[in-house]
J.: 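Got a structure for you, written out below as C-alpha cells; questions coming shortly.
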Amino acid sequence: MSQTDLSPATRVVTLGRLPAEPGGSVNAPLVLSSTYHADGPVNYARGGNPTWTSFEDVVGSLEGGHGLVLSSGMAAVDAVLALVPVGGTVVAPAGAYNGVVVTLAERAEAGTLSVRFVDQQDAGAVEEALEGAALLWIESPTNPLLDVVDVGALTALAHRAGALVACDNTFATPLLQRPLEDGVDVVVHSVTKYLSGHSDLLLGAVVTRDDEPGRALHARMARHRQMHGAIAGPLEVWLAVRGVRTLSVRLERAWANSVILAARLETHPSVTRVRYPGFGAIVSIEVAGGAEGAERVATATRLWVHATSLGGVESMLERRRRQSGEPETTPTNLIRLSVGIEDVEDLWADLAQALDTAADASPGDA
Ligand SMILES: *Cc1c(COP(=O)(O)O)cnc(C)c1O
C-alpha cells in the first residue's frame, strides 16, 4: 500500500518515519549536529537536517507537494516574498494576518516592492489590481475576519495576468483545504499554529507542487533559507513532527466545539456579530461596549487563555486591535477565539460568564 492511497488522517501518523528495520527507532530521531561527515548529500546543517526532512515529508504529502520548513511563519512569508523581483508588485488582501500586511507596507515604503491592498472577496478588484503584478497573496479564511474566497478562481485570474500565487493555509490546514490542487504555486503555513498544535514553538513552512516550475520554486526558496540562515531548530521541528501526529483528532474536536460555540454565541445578548465560516476552529465575535467591552470580556475568562496566537490545544482569546499593526479592517471590538479541544460545556460556561460580566459592567451601553 503506497502512502498516497492512505487518507490524510492516517498519513499524519505514518509519514516522516525512517524505514522499519529490526531494532530501529520507531520515531524519527532528533538530529543535533551542525555538520556531517564529508562526502554525503548534505555537508553542513544550514543546508539540511534529517529531522527537517521528517516534517517536510509530512507537510509536503498533506498539501500534495514538496515541503520546506523554516524558522517561523514569517520566515516562510519572507521566502515567498524573495521570489518577487526588486520593485515588483504584490497584490494582497487589505485584511489579512497583520505581520504580512505590515511587512508588505514597510517594504513598499522602503522601495523594495510595491503593494496593492484589495478586498480579496471582490474578484473584480483583484483582477484590476493584478495588472503587471508579480505575486498574488491569498489568505483564506483570513486572520481574523474569516473571509473565505474561491482560491481556484483568484488563482486563475493571477495566472492569466502572469503572476505567481501564494496562499496562506494556516487557518484551514491541509486537512480542510489544499490550495496546490486549485493551482496555487506556493502554500504557506505558520506551523506555530495548528500543525504543531501545542503553543510551544515557532516554525513555518512552504509547500510547492511536484512539477518542473514547482521544483524550481522549491529550489529557490531552499537556497534562500540556506543563504539567509532563517533555519529551523531541529528540536522545534522534532516537536512539530510529534504535534502533527494528532492534527486530525485535534482539529476534529476543536471544529466540533466551534460549531456548538458559534451557534450559542449567535444568541448571546452581548454579542453583536459572530464570524464563523462553518469549518475550522477560529470564531471571531464582536461584542457590545466597543473596545472597552471587548477588553472586559477578554480579561474575564478563567479557562480561556488571554493571549495572542491560535491553533493550540488550549482555547485562547484576544481582542485583535490590541496588537499594533493590526489592520483597520479589523473592528476595535472584535475578539478572536481560538477554540481548543477542552470539554465544550466548560468552554461555554466560562465564555458565557465572561460575556455576562462584561455586560453587567456596562448597563445601557449595548
Ligand atoms: C501566525 C500567523 C503567521 C505568522 O507565523 P509565525 O509563526 O508567528 O511567524 C502567518 N499567517 C497567519 C495566518 C498566521 O496566523
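Counting starts at 1 for both ligands and their atoms, following the listed order. Only this structure's heavy atoms are used, side chains among them; waters, hydrogens and symmetry mates stay out.
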J.: Run the ring pair (Phe, Tyr, Trp, His ring centres under 6.0 Å) test against H159 and tell me which residues pass, sequence neighbours left out.
T.: none
J.: Can you name the one residue among R225, R223, H224 that meets side-chain contact (heavy atoms from CB on, under 4.5 Å) with M227?
T.: R223
J.: Which residue pairs satisfy the side-chain hydrogen bond (donor to acceptor under 3.5 Å, both in side chains) criterion with at least one member in residues 113-131, sequence neighbours excluded?
T.: T89-S114
J.: Please identify each residue that fulfils salt bridge (charged side-chain N to carboxylate O under 4.0 Å, His left out) with E326, with sequence neighbours left out.
T.: R320
J.: Write none if no such pair exists; otherwise list each N/O atom of ligand 1 with its protein N/O partner under 3.5 Å and the distance.
T.:
{"unit_1": "ligand 1", "atom_1": "5 (O)", "unit_2": "S190", "atom_2": "OG", "d": "2.9"}
{"unit_1": "ligand 1", "atom_1": "7 (O)", "unit_2": "G73", "atom_2": "N", "d": "2.9"}
{"unit_1": "ligand 1", "atom_1": "7 (O)", "unit_2": "S190", "atom_2": "OG", "d": "2.8"}
{"unit_1": "ligand 1", "atom_1": "7 (O)", "unit_2": "T192", "atom_2": "OG1", "d": "2.6"}
{"unit_1": "ligand 1", "atom_1": "9 (O)", "unit_2": "G73", "atom_2": "N", "d": "3.0"}
{"unit_1": "ligand 1", "atom_1": "9 (O)", "unit_2": "M74", "atom_2": "N", "d": "2.8"}
{"unit_1": "ligand 1", "atom_1": "11 (N)", "unit_2": "D168", "atom_2": "OD2", "d": "2.6"}
{"unit_1": "ligand 1", "atom_1": "15 (O)", "unit_2": "N143", "atom_2": "ND2", "d": "3.1"}
{"unit_1": "ligand 1", "atom_1": "15 (O)", "unit_2": "K193", "atom_2": "NZ", "d": "2.8"}

J.: Output yes when R321 and E295 qualify as a salt bridge under the 4.0 Å nitrogen-oxygen rule, no when they do not.
T.: no
J.: Does L176 reach the side chain of L251, with side-chain heavy atoms less than 4.5 Å apart?
T.: yes
